[in-house]
Amino acid sequence: MLLALVSSQRQRTLQLLDIVNMEITCTTISFTVTALIKQSRPGNVGHRLILKAYPPDKRLCIYTYVIEYLNRTKSCRGKEKRLFVSFKKPHGRVTTDTIGRWLKTVLSSAGDRHLQV
C-alpha cells in the first residue's frame, strides 16, 4: 500500500516491477519498467520509478520496507523476478487483480472505526 501511495502508479505498473531492472543505492531504489504500460507514448518504452529513503521516520520509509520485503521473500522467490510474489505456494508472481485486492483490503481496513493502531 505504501508503494502505491508513494509512487502513484497503477496496479499494472506495480505488477510489472521486477528485481532484474532494479537498482539499489544507499538512499534510493529505482525500477525501470520495460513493458508497455498505459502511460507509454509510442516508441517511448522504459518508464523509471525512483523510490527515495525517508530518514525522518522509518515507519513511512518505502526504501526500508522494500529492502525488508526483498529479504523476507528471498527464500520463497526461487527464480521469480517480479517484485511481488504470492505468499501461497508456489510463490509465483501476483496478478494485477491480486494487487488490486490487496489495496482494497488495506483501504477498507483504514476506514474501519474499530481498527487498532
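Residue pairs meeting the ring pair (Phe, Tyr, Trp, His ring centres under 6.0 Å) criterion with at least one partner in residues 79-104, sequence neighbours excluded, are Y69-F84. Among pairs with a residue in residues 60-74, those fulfilling salt bridge (charged side-chain N to carboxylate O under 4.0 Å, His left out) read E68-R72, at least two apart in sequence or across chains. Pairs of residues two or more places apart, or lying in two chains, that qualify as salt bridge (charged side-chain N to carboxylate O under 4.0 Å, His left out) and include a residue from residues 93-105 are E80-R93. Sorted by first then second residue, the salt bridge (charged side-chain N to carboxylate O under 4.0 Å, His left out) pairs that include residues 49-59, not counting sequence neighbours, are D57-R59.
Looking at residues two or more places apart in sequence or on another chain, you find no side chain to side chain donor-acceptor pair (under 3.5 Å) involving T27. Here T25 pairs with T28 under the side chain to side chain donor-acceptor pair (under 3.5 Å) rule; sequence neighbours left out. For the side chain to side chain donor-acceptor pair (under 3.5 Å) test, no residue two or more places apart in sequence or in another chain qualifies with T105.
Residues Q9 and L14 share a closest heavy-atom pair of CB-CD2, 4.0 Å. Residue V33 comes nearest to L17 through the heavy atom pair CG2-CD2, 3.8 Å, listed as atom of the first residue, atom of the second, then distance. Taking every heavy atom of both residues into account, L2 and C61 meet most closely at CD2-C, 4.2 Å.
R77 places a side-chain heavy atom less than 4.5 Å from the side chain of I19. For the pair L70/M22, a side-chain contact is recorded, criterion being any heavy-atom separation below 4.5 Å from C-beta on. Taking the side chain as every heavy atom from C-beta outward, L103 and M1 approach each other to under 4.5 Å.
Atom CG in L16 sits 12.5 Å away from atom CZ in R10 (nearest 0.5 Å). Distance check, rounded to the nearest 0.5 Å: OG of S7 to CD1 of I50 gives 12.0 Å. Atoms CG and CG, on L83 and N21 in that order, are 12.0 Å from each other to the nearest 0.5 Å. In this structure, the separation between CG on L49 and CG on L3 is 6.5 Å, given to the nearest 0.5 Å.
Side-chain heavy-atom separations under 4.5 angstrom define the hydrophobic clusters, and the remaining members of the one that includes L60 are Y54.
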Chi angles and distances behind the side-chain contact (heavy atoms from CB on, under 4.5 Å) call for L51, Y63:
CA-CA 6 Å; L51 306 171; Y63 180 92; 6.0 Å; no
For I24 and I67, what are the C-alpha separation, side-chain angles and deciding distance, and is it a side-chain contact (heavy atoms from CB on, under 4.5 Å)?
CA-CA 9 Å; I24 301 174; I67 296 298; 3.8 Å; yes
Stepwise, does the side-chain contact (heavy atoms from CB on, under 4.5 Å) test hold for T96 with I99?
CA-CA 5 Å; T96 303; I99 292 175; 5.7 Å; no
